[in-house]
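First up is the structure itself, then whatever we jot down about it.
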Amino acid sequence: VKKIPVCEPYLIGREAEYVNACLKDNWISSRGPYIDQFEARFAEYCGCRFGITTTSGTTALHLTLAALSIGPGDEVIVPTFTMASTVFAIVYLGATPVLVDSDPETWTIDVSRIEDKITKRTRAIMPVHIYGHACDMDPVLDTAERHNLIVIEDAAEAHGAEYKGRRLGGLGHVSCFSFYANKIVTTGEGGMVVTSDEVVAERARALRDLGFSREKRFLHESVGFNYRMTNLQAAIGLAQLENIERFVGMRRRNAALYNSHLAGLPGLVLPPEKPWAKNVYWMYGILLTDAAPLTRDELRDRLSGYGIETRTFFLGMHQQPALRERGLFLNEEFPVANGLARQGLYLPSGTGLTEFEVGYVCHTIRTIFDDHGQERPGRRFRSRRP
Ligand SMILES: Cc1ncc(COP(=O)(O)O)c(C=O)c1O
C-alpha cells in the first residue's frame, strides 16, 4: 500500500518558473523582486499595509515581540495549547509567558479566562488560530482595548481563514505567519510579520537586518538579527500565493468529505467550525473520547499498519520541562489542554490529498472501529469506572 503522509507541500503553480528566474537573474539572496512582491501581496491578502518576510514563523514571532519592545518584566498572555514557538518567542526576550487553557469547542484560547490573567505587567495577548480555526477575536480585541494591550495573532496555521467574514492576520495589531513545508502556503522554511502600523513595520524591518542604520552603513542602532528570507524562497511563496484560494477550497472540500464519512462513529469528535468561522483545516484534527472503542494511540498504531500517517496534538506548554525548569506554571491546571493532548490526533490533511485517499482513510477507520467494537464490547463501560 502507498503511504499516505500527514501533509505534503503542493507545488503545482509557477514555483519552478519563478525560482529559475532568480537563478537566471542572479538574485538568490535576500534582495530581489520576489521578496517585494510576496510581502506586498501577502500583506494585502490579509488586509494589512506592510509585510516583512522572515526565516520562519518562529523568527516572525520573535521579531514582532522585539519590534514591540517587549522584554524583562513584561507578561504576554498565550494559550498553553500551541506550538512551542509562540511561547519561546516570549522567553527569548526575557518576558514572561502567562498561559490560558483552551476552549473545549474550538481548541483555541478560552477567551473567558483571559481577563483573570491580566496584571499590571501584561503588555500583550497572543491568540493562536489552532489548526486553521479562528480564535473568537471580538472578546480578545475588546479586552485588549479596555486594558490597553497589544493583540498579536499567531496565524501560522491559518492562511486564508476567516473570522466573521474578515481574514485572519488582519484583526490584531500585528500578526505572524509560518511558511514551513506543511503550511497552506509554503516557502520551504519561512515566515512573515504583517501589520498596518508603520512604526512597528519599520522597526521589524530594521531588526530583521541586524539593526543597521538607514543613514550610515555599519552603524547599528539596535541589537538586531539576521532573519532575512531569500528571493528564492519568496519566489516559491509568490507562486503558492497565486493559488491560495484553490488550496483553501481543496482543504475545505476534503474536510467536508471527512466529516460526512466519519459522522456518527462512537466517541469520535470531528473538528470545529463555528458559525462565525471559516476553518481552512490546516490539519484535520479529531478527538477520541472515552466512549470510543479504542484509544487514540491504539487507533494511530492501527492506521500506521495500513500506511496512514497521523500526528498527535500539541502537548501543552505547561507540561514542557524547558519551561517548568524556569519555575513557570508550577501550580496551575489546564484540564482542557490536557484532554486535547491525550485524545487528539490529526489525519492526513495535505492540500493534494485525493477524494479516493480521504475515502480510504475513513473506510479504514470505520473498519478498525467495527473490529474493536466487536472484540471489546465492554471497554466503553470499563473505561468510565474510576
Ligand atoms: C501556531 C504556530 N506558531 C508558530 C509556528 C512556527 O513556525 P515555523 O515552524 O515556521 O518556525 C508554528 C509552526 O509550525 C505554529 O504551528
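All ligand and atom numbering here is 1-based and tracks the order in the structure. For clarity, every value in this text was computed on a predicted model and none was experimentally measured. The figures here come from the full heavy-atom set of this structure, side chains too, leaving out hydrogens, waters and symmetry mates.
Side-chain atoms of R123 do not come within 3.5 Å of backbone N or O of V76 as any donor-acceptor pair.
For the pair T82 and ligand 1, the shortest N or O to N or O distance does not fall below 3.5 Å. Every N/O-N/O distance between W282 and ligand 1 stays at or above 3.5 Å. Considering backbone and side-chain N/O of G57, one or more are found under 3.5 Å from N/O of ligand 1. Residue Y180 places no N or O, backbone or side chain, under 3.5 Å from any N or O of ligand 1.
Only side-chain heavy atoms of K183 come within less than 4.0 Å of ligand 1; its backbone N, CA, C and O stay farther off. Contacts of T58 with ligand 1, taken as heavy-atom pairs under 4.0 Å, involve both backbone and side chain. Only the side chain of S85 comes within contact range of ligand 1, with a heavy atom under 4.0 Å; no backbone atom does.
Summary of contacts: the protein heavy atom closest to atom 9 (O) of ligand 1 is S178 OG, 4.0 Å. Given atom 3 (N) of ligand 1, the protein heavy atom at minimum distance is D154 OD2, 2.8 Å. Ranking the protein heavy atoms by distance from atom 16 (O) of ligand 1 puts E157 OE2, 2.5 Å first.
Ligand 1 places these atoms under 4.0 Å from at least one heavy atom of V128: 1 (C). Listed by number with element, the atoms of ligand 1 under 4.0 Å from a non-hydrogen atom of S56 are 10 (O), 11 (O).
No more than 12 heavy atoms of other residues, nucleotides or ligands lie within 6.0 Å of CD in E145, so this atom counts as exposed by the packing criterion. For F247, the CZ atom sits in a packed shell: over 12 heavy atoms of surrounding residues, nucleotides or ligands are nearer than 6.0 Å. More than 12 heavy atoms of other shown residues, nucleotides or ligands fall within 6.0 angstrom of atom CD in E115. Heavy atoms of other residues, nucleotides or ligands lying less than 6.0 angstrom from CG of N148 number 12 at most.
Ring geometry, F179 versus F38: the interplanar angle falls from 30° to 60°, so the pair is classed tilted. W282 and Y346 have tilted rings, their planes meeting at an angle from 30° to 60° on a 0 to 90° scale.
Look at H129 and you'll find every heavy atom at least 4.0 Å from all atoms of ligand 1.
Grouping Ile, Leu, Val, Met, Phe, Trp and Tyr residues whose side-chain heavy atoms lie under 4.5 Å apart, directly or via other members, places L232 in a hydrophobic cluster with L11, V19, L23, I28, I236. Hydrophobic clustering, defined by side-chain heavy atoms of Ile, Leu, Val, Met, Phe, Trp and Tyr closer than 4.5 Å, groups F212 together with L210, F218.
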